[in-house]
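Take a look at the structure set out below.
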Amino acid sequence: MGPEGEQVGVVRVADALRLAEEAGLDLVEVAPNARPPVAKLMDFGKYKYELAQKARESRRNQANTVLKEIRFRLKIDDHDYETKKGHVERFLGGGDKVKVMIMFRGREQSRPEMGIRLLERLAEDVAELGVVESKPRQDGRNMTMVLAPTRKKSEAKSEQRRRREAERQAKRDRQAERSAKSGS
């Protein structure tokens, strides 16, 4: 195969090497098991560089979802609930899963339905950012529920990157505007 991917045909190895040298390219065997073996004229250094770039890009876009944990008490005040709900929203918005845990103490253990109500209320409040992955279940003195984000972590990361870049650009624009005013 030629450098542009065109078919050259069956060529002896010596002729193929001469063609590669004339073009300033490398002769790379692409399919050694084929009959006859397929070789391609290409710049091997450039090819390896492009493969490394693709691998780096795919690693950058691949993001691991982390299981964040947040703990509630059954008798939580409204303001504390709103604060913790804000944390859950931030975690889900960042593309992470959230394990919500309610800790029961003393007589509270005899009222698991109150814990279920609190967890369901939280799930309804953050419904636009996440869905319930595992329903509330009693686990000794604790009740747990797992919320999963509605969008992938890679989407959330790229959104954060775009927003950060837009903020930086706006800051640069403001600085340029200030320097233009002070210079005139």
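If you read the sequence from its start, that first residue is 1, and numbering goes on from there. No experiment lies behind these values; they were computed from the predicted model shown.
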Could you tell me whether [X] atom [atom1] has more than 12 heavy atoms of other residues or ligands within 6.0 Å of it?
X: Arg172; atom1: CZ; answer: yes
X: Arg90; atom1: CZ; answer: yes
X: Arg18; atom1: CZ; answer: yes

Treat each ILVMFWY residue as a node, draw an edge where side-chain heavy atoms are under 4.5 Å apart, and state whether Leu67 and Met103 are in one component.
->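 Looking at the clustering, Met103 is in a separate group from Leu67.
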Hphob cluster co-occupancy, Val131 + Val146, side-chain heavy atoms under 4.5 angstrom |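 No, separate clusters.
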Which residues pass the salt bridge (charged side-chain N to carboxylate O under 4.0 Å, His left out) test with Arg71, sequence neighbours left out?
->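 Residues passing salt bridge (charged side-chain N to carboxylate O under 4.0 Å, His left out) with Arg71: Glu69.
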Under 4.5 Å between any side-chain heavy atoms of [X] and [Y], yes or no?
X: Lys97; Y: Leu147; answer: no
X: Lys171; Y: Arg168; answer: no
X: Glu120; Y: Ile116; answer: yes

Point-to-point distance, once rounded to the nearest 0.5 Å, from CG of Asp77 to NZ of Lys84 |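 Here the interatomic distance stands at 12.0 Å.
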When rounded to the nearest 0.5 angstrom, what is the spacing between CG in Asp26 and OH in Tyr47?
->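 It comes to 12.5 Å.
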Between Lys85 and Leu122, does a side-chain contact (heavy atoms from CB on, under 4.5 Å) hold up when you go through it step by step?
-> CA-CA 7 Å; Lys85 183 182 85 168; Leu122 179 68; 3.9 Å; yes
Basic-acidic side-chain contact under 4.0 Å: [X], [Y]:
X: Arg163; Y: Glu165; value: no
X: Glu57; Y: Lys54; value: no
X: Glu108; Y: Arg73; value: yes

Test side-chain contact (heavy atoms from CB on, under 4.5 Å) applied to Val126 and Leu92, step by step | CA-CA 9 Å; Val126 297; Leu92 290 173; 4.0 Å; yes
Does the Gln138 side chain pair with the main chain of Gly140, one donor and one acceptor, at a distance under 3.5 Å?
->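 Yes, Gln138 side chain to Gly140 backbone: donor-acceptor pair under 3.5 Å.
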Asp125 and Tyr81: side-chain donor and acceptor closer than 3.5 Å?
->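 Checked: Asp125/Tyr81 side chains pair up, N/O donor to acceptor below 3.5 Å.
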Can Arg111 and Glu113 be said to form a salt bridge (charged side-chain N to carboxylate O under 4.0 Å, His left out), step by step?
-> CA-CA 5 Å; Arg111 304 292 303 274; Glu113 67 277 358; 2.9 Å; yes
Compare every heavy atom of Ile102 with every heavy atom of Gly115, then report the nearest pair and how far apart it is.
->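 For Gly115 and Ile102, the tightest heavy-atom pair comes out as O-CD1, 3.4 Å.
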Minimum heavy-atom separation for Ser134 to Met145, with atom names?
->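 The pair with the smallest heavy-atom distance is O-CG, 3.3 Å.
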Please assess Phe72 against Met101 for the test side-chain contact (heavy atoms from CB on, under 4.5 Å), listing each intermediate value before the final yes or no.
-> CA-CA 6 Å; Phe72 285 80; Met101 180 184 291; over 6 Å; no
Might you work through the side-chain contact (heavy atoms from CB on, under 4.5 Å) test for Val100 and Thr144, ending with a clear yes or no?
-> CA-CA 6 Å; Val100 183; Thr144 59; over 6 Å; no
Begin with the C-alpha distance, continue with both residues' side-chain angles, and end with the deciding distance and a verdict on side-chain hydrogen bond (donor to acceptor under 3.5 Å, both in side chains) for Gln53 and Arg56.
-> CA-CA 5 Å; Gln53 287 293 91; Arg56 194 174 302 121; 2.2 Å; yes
